[in-house]
Amino acid sequence: MACDYKILSNLDLENLVNEKQSFALDVLVGLSETPKRLSSRYFYDDRGSELFRQIMDLPEYYLTKCEINVLERNREGIAELVEDTRFNLVELGAGDGRKTSILINHLLSKKMDFKYIPIDISEGAMKELAKNLNEKFPSLCGEGIVAEYFNGLKWLGKTASRKNLVLFLGSNLGNFNKSQSRVFLRNLWNTLNNGDLLITGFDLKKDIELMSRAYNDSRGITREFNLNLLKRINRELGGNFEIDKFRHFSSYDVFSGAMESYLVSLEKQTVYIKALSHKFTFEAWEPIHTEYSYKYLESNIVDLAEATGFVIEKQLYDSKKYFVDSVWRVLKVTSPDEVI
Ligand code: AVJ
């Protein structure tokens, strides 16, 4: 059976308007703070998603290679989790789907009954993904959703007749701090049903040089990725950032446990952002914080699952144990008097 892969875009214009407004508001708030900061969630416009695809190909960016290795080694173990059930393979932040292809290929070859439902904020990335999927897997069914994760999940909640296997790969959770990740996972727990599965990618704490190199690559793609945030402000909010007056800087903070990225103003300057009718001044060497990429200890993962209502089923590692895809099951206990 051939299945044409559709895209459900953020059809209601209201959502698009909101996305633009929240970008404007977050830029206003973040650049008005001391120290200044911008959220890494705004990296991923179409250009940013393209640059991230290039990052995944960099020799220094071990995360993607490790996770591909995890999935190759464990595709049968993952298939066994959903043996004999109809299910949705839901993916949060799917990107170009190259990692998930390993799984999809395996699940299709086993003739398993599932729909693939990627959710991604970038329309460009989703179009690319749908094109790739249609070419590679003509028998694959499902639909791509262009939306913020929880808007997408809310939509999914309405079609709750299948078991859900949710993928949140690539250390995407790493952008959240401890309390943000608890809130995020608890929200996810709430939208899912008892027994649903979640696979989350965690980058483990390891040699500091190795981690640092992954965020300071020799070809300067990560630098370009970080600076794209300022270019995006110029494009979408009418900013006049002079890009070469800022530099990329990324370092590991052993105590917070994160690779932290910044853009540093190389001189005293003023930037005007038209959509905000506001100008921002920068002193020489003043930083803007742009990203946290948290790294985990095994014990952090155990604590996080426990705090948010999940049970750890399996820890799937790459051969070097640099990275783990952690398989969790949603546990919702109904007390006897809740059963009618
Ligand atoms: C997509 C969030 C997993 O933090 O490693 C890559 C993004 N930033 N290089 C990460 C990123 C700089 C990436 N995640």
Side-chain angles (χ1 to χ4, degrees), residues 37-71 91-100 118-122 124-126 129 148-149 167-178 180-181 184-185 199-232 246-253 256-264 288-296 300-301 318 322-326:
R37 59 181 182 81
L38 291 168
S39 167
S40 61
R41 69 181 278 251
Y42 297 112
F43 279 148
Y44 304 93
D45 63 350
D46 291 346
R47 174 68 182 148
S49 299
E50 165 56 29
L51 286 165
F52 183 63
R53 280 198 284 281
Q54 294 179 26
I55 288 175
M56 291 193 287
D57 288 330
L58 291 169
E60 294 101 330
Y61 196 74
Y62 61 85
L63 291 83
T64 310
K65 284 124 205 114
C66 289
E67 198 170 36
I68 287 175
N69 182 249
V70 173
L71 295 173
E91 181 161 25
L92 306 180
D96 67 358
R98 83 175 80 165
K99 281 178 285 195
T100 326
I119 304 174
D120 201 290
I121 188 66
S122 162
M126 187 60 77
L129 175 64
E148 287 265 294
Y149 297 152
L167 304 176
F168 191 40
L169 304 180
S171 188
N172 282 331
L173 190 74
N175 285 156
F176 299 155
N177 67 28
K178 191 169 169 174
Q180 289 168 331
S181 30
F184 179 86
L185 290 165
I199 304 184
T200 310
F202 292 95
D203 192 18
L204 297 169
K205 285 188 177 174
K206 64 182 70 60
D207 179 70
I208 294 172
E209 303 308 329
L210 210 110
M211 294 190 292
S212 297
R213 278 198 294 274
Y215 296 82
N216 293 284
D217 66 276
S218 52
R219 283 159 54 187
I221 309 288
T222 310
R223 167 183 177 275
E224 198 56 40
F225 176 70
N226 199 4
L227 286 166
N228 178 55
L229 203 46
L230 303 184
K231 292 188 184 171
R232 181 175 181 184
F246 288 85
R247 64 155 286 178
H248 162 75
F249 182 81
S250 188
S251 66
Y252 184 64
D253 184 322
S256 73
M259 283 300 307
E260 299 195 24
S261 298
Y262 308 84
L263 290 164
V264 183
I288 310 171
H289 190 289
T290 56
E291 188 177 41
Y292 295 93
S293 297
Y294 283 92
K295 310 303 171 194
Y296 289 78
N300 302 147
I301 299 172
D318 63 295
Y322 281 176
F323 198 93
V324 61
D325 274 342
S326 192

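The analysis underlying the following values was restricted to heavy atoms, covering all of them including side chains, and did not include hydrogens, waters or symmetry mates. Heads up: numbering here begins at 1 and tracks the sequence. In listed order, ligands and their atoms are each counted from 1.
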Inset, instruction - Carefully, step by step, assess Lys231 and Glu224 under the rule salt bridge (Lys or Arg N to Asp or Glu O under 4.0 Å). - result: CA-CA 10 Å; Lys231 292 188 184 171; Glu224 198 56 40; 2.8 Å; yes

Enumerate the pairs of nitrogen or oxygen atoms, one from ligand 1 and one from the protein, separated by less than 3.5 angstrom; state names and distance to 0.1 Å.
from: ligand 1; atom 1: 4 (O); to: Ser293; atom 2: OG; distance (Å): 2.6
from: ligand 1; atom 1: 5 (O); to: Tyr61; atom 2: OH; distance (Å): 2.5
from: ligand 1; atom 1: 5 (O); to: Tyr215; atom 2: OH; distance (Å): 2.5
from: ligand 1; atom 1: 8 (N); to: Glu291; atom 2: OE1; distance (Å): 2.8
from: ligand 1; atom 1: 8 (N); to: Glu291; atom 2: OE2; distance (Å): 3.2

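- Checked against the 6.0 Å centroid criterion, the rings of Phe168 and Tyr149 qualify as a close aromatic pair.
- No side-chain heavy atom of Asp120 sits under 4.5 Å from any side-chain heavy atom of Leu129.
- A donor-acceptor contact shorter than 3.5 Å links the side chain of Asp217 to the backbone of Ile221.
- Residues satisfying the side chain to side chain donor-acceptor pair (under 3.5 Å) criterion with Glu91, sequence neighbours excluded, are Thr100, Tyr116.
- Using the six-membered ring where Trp is involved, Tyr294 and Tyr292 have ring planes that are parallel, under 30° apart on the 30 and 60° scheme.
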